Amino acid sequence: MFRSSSSVEERRLRRRVLARPQVTLIPATRCAGLILDSSGRVSGVTCRAQDTDPFELAADLVVDASGRASSLARWLRTLGITVPPKRTVKAKVTYTSMNFDRPQESDPRHPDFKVAYQMLFAPRVRRGGVLFAVERNRWTCSLFGFEDPPPTDDEGYLAFARSLDNPHLATQIDRRTVQEPTRRHSSADNQWRPYHAVKDWPDRLIAVGDAVCALNPVYAQGQTVAAMEAELLQAMLERRGPSGRLDGLAAGFQKKVGRLLRSPWMLSTNSDLMWNPHGRPLAVRFAHWYNARLFQVAVRDPAVWARFVRVVNMLNSPAVLFRPTVALKVLWSPTGAAPSPGGRRR
């Protein structure tokens, strides 16, 4: 089973959306603000296209899915709506990615695995990486560094991979014969705009995805969270029946999104907070201590590893890692240094 690369997933989603007869794309146009009707509901947006005067676009429901750079909080304040301050947890993690060829099955060098990775683990394991088999017989490799940006030049990229405890990443990079441009990404901070706490949230307006909460992409939870929010919205609309009434939907949706985000926010930020463990809350320090012991067990116990993977991929609640069948193994595991989780491949 192969994982699709992000670019392929995005193109497929874009094609499917644009193929729907109800969807019209307005190119080279950006939204500039919200429009309210006489009752205070959002009734559309003001838009600005290149080299044209601003115009208004009416809407029954306005959805902000514009990502990390969303201007929604500023637009709401312009309308006199108080938005609590954005919560930010600095990640200080940079990742550099490269796509390159994967040996064909007929090649003697063909690897017997499709994923290899070394996880970051604060505060000791400051370098990591992941290697995925993707479409068209390619690898996608991302190298991570805390306050240590992985290089973008070929020699430096390979040297960084060789510094990892997991040798599989460097081996495959060294074997490449064709590669695509290497790209660096540094916008990895966790950001949560607490729209669920806005007391006078306007009706007919919702925000989703990174426009609400952008997580450190190293933990690969952003697309999953966005999909869960889409399922939540679909379920809420279906419960309204054939009438499809939208009044009263928006504020309830944002509150449910706030509850949905608690687990992924905790999973992402608890790790990033521990790069500087001094003075952190007891709950954060305990979670980090527990996770260190959990990793020691997981690398030896397939059942625990399977549960851990399901939690990271948001298929199960973190609570499953504290059930007696797991907790007893974690608490009774031999003490020692936190492992460098660098030997995993599958």
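Only a predicted model underlies this, so the values are computations on that prediction, with no experimental measurement involved. We count residues from 1, following the sequence as given.
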Heavy-atom distance under 4.5 Å between the side chains of [X] and [Y], does that happen here?
{"X": "Asp203", "Y": "Val42", "result": "no"}
{"X": "Pro123", "Y": "His288", "result": "yes"}
{"X": "Tyr157", "Y": "Cys141", "result": "yes"}
{"X": "Val304", "Y": "Lys329", "result": "yes"}
{"X": "Val311", "Y": "Val320", "result": "yes"}
{"X": "Arg259", "Y": "His196", "result": "no"}

How many angstroms lie between atom [atom1] of [X] and atom [atom2] of [Y], to the nearest 0.5 angstrom?
{"X": "Met274", "Y": "Leu120", "atom1": "CE", "atom2": "CG", "value": "14.5 Å"}
{"X": "Trp275", "Y": "Phe121", "atom1": "CH2", "atom2": "CZ", "value": "9.5 Å"}
{"X": "Leu131", "Y": "Gln172", "atom1": "CG", "atom2": "CD", "value": "6.5 Å"}
{"X": "Leu158", "Y": "Leu143", "atom1": "CG", "atom2": "CG", "value": "9.5 Å"}
{"X": "Leu260", "Y": "Glu231", "atom1": "CG", "atom2": "CD", "value": "9.5 Å"}
{"X": "Ser317", "Y": "Arg262", "atom1": "OG", "atom2": "CZ", "value": "12.0 Å"}

Can you see which heavy atom on [X] is nearest to which on [Y], and at what distance?
{"X": "Asn313", "Y": "Thr224", "value": "O-CG2, 4.0 Å"}
{"X": "Ser43", "Y": "Leu36", "value": "OG-C, 3.8 Å"}
{"X": "Ser66", "Y": "Ala211", "value": "N-CB, 4.1 Å"}
{"X": "Arg193", "Y": "Ser70", "value": "NH2-O, 3.8 Å"}
{"X": "Val83", "Y": "Ala73", "value": "CG2-O, 4.2 Å"}
{"X": "Val297", "Y": "Val330", "value": "CG2-CA, 3.9 Å"}

Would a hydrophobic clustering, with Ile, Leu, Val, Met, Phe, Trp and Tyr connected at side-chain separations under 4.5 Å, put [X] with [Y]?
{"X": "Val309", "Y": "Leu267", "result": "yes"}
{"X": "Ile35", "Y": "Ile81", "result": "no"}
{"X": "Met266", "Y": "Phe286", "result": "no"}
{"X": "Leu246", "Y": "Met236", "result": "yes"}
{"X": "Leu232", "Y": "Met314", "result": "yes"}

Any donor-acceptor pair under 3.5 Å linking the side chain of [X] with the backbone of [Y]?
{"X": "Arg20", "Y": "Val17", "answer": "no"}
{"X": "His110", "Y": "Pro103", "answer": "yes"}
{"X": "His168", "Y": "Phe113", "answer": "no"}
{"X": "Ser268", "Y": "Pro264", "answer": "no"}
{"X": "Glu229", "Y": "Val208", "answer": "no"}
{"X": "Glu56", "Y": "Val45", "answer": "no"}
{"X": "Arg293", "Y": "Leu331", "answer": "yes"}
{"X": "Arg87", "Y": "Trp192", "answer": "no"}
{"X": "Asn190", "Y": "Asn216", "answer": "yes"}
{"X": "Thr96", "Y": "Pro150", "answer": "yes"}

Presence of salt bridge, [Y] and [X], under 4.0 angstrom:
{"X": "Arg126", "Y": "Asp148", "answer": "no"}
{"X": "Asp107", "Y": "Arg102", "answer": "no"}
{"X": "Arg138", "Y": "Glu180", "answer": "yes"}
{"X": "Asp247", "Y": "Arg41", "answer": "yes"}
{"X": "Asp189", "Y": "Lys90", "answer": "yes"}
{"X": "Asp174", "Y": "Arg162", "answer": "yes"}

In terms of heavy-atom contacts, does [atom1] of [X] have more than 12 from other residues, nucleotides or ligands at under 6.0 Å?
{"X": "Glu155", "atom1": "CD", "value": "no"}
{"X": "Arg14", "atom1": "CZ", "value": "no"}
{"X": "Arg48", "atom1": "CZ", "value": "no"}
{"X": "Arg240", "atom1": "CZ", "value": "yes"}

Hey, can you tell me if [X] and [Y] have their rings parallel, tilted or perpendicular (30° and 60° cut-offs)?
{"X": "Tyr290", "Y": "Phe322", "value": "parallel"}
{"X": "Tyr95", "Y": "Phe144", "value": "perpendicular"}
{"X": "Trp201", "Y": "Tyr195", "value": "tilted"}

No-hydrogen, no-angle side-chain donor-acceptor test under 3.5 Å, [X] and [Y]:
{"X": "Thr140", "Y": "Asn99", "answer": "yes"}
{"X": "Gln179", "Y": "Asp154", "answer": "yes"}
{"X": "Asn137", "Y": "Gln104", "answer": "yes"}

(message) One pair to check against side-chain contact (heavy atoms from CB on, under 4.5 Å): Trp75 and Cys31. What are the steps and the verdict?
(response) CA-CA 10 Å; Trp75 295 347; Cys31 295; 3.6 Å; yes

(request) Show your reasoning for whether side-chain contact (heavy atoms from CB on, under 4.5 Å) applies to Phe132 and Lys114. (result) CA-CA 6 Å; Phe132 286 109; Lys114 295 183 175 67; over 6 Å; no

(request) Give a yes/no verdict on a cation-pi contact between Arg127 and Phe160, requiring under 6.0 Å between NZ or CZ and the six-membered ring centre and an angle within 45° of the axis. (result)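 Judged by the rule, Arg127 and Phe160 form a cation-pi pair.
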
(request) List the steps, then state whether ring-ring contact (aromatic ring centres under 6.0 Å, His included) holds for Trp289 with Phe295. (result) CA-CA 10 Å; Trp289 172 85; Phe295 290 147; over 10 Å; no

(request) Show the numbers, then the answer: is there a side-chain contact (heavy atoms from CB on, under 4.5 Å) between Leu282 and Arg285? (result) CA-CA 5 Å; Leu282 178 60; Arg285 287 184 281 125; 4.1 Å; yes

(request) Could you please spell out the steps behind the side-chain contact (heavy atoms from CB on, under 4.5 Å) verdict for Thr94 and His185? (result) CA-CA 6 Å; Thr94 301; His185 307 270; over 6 Å; no

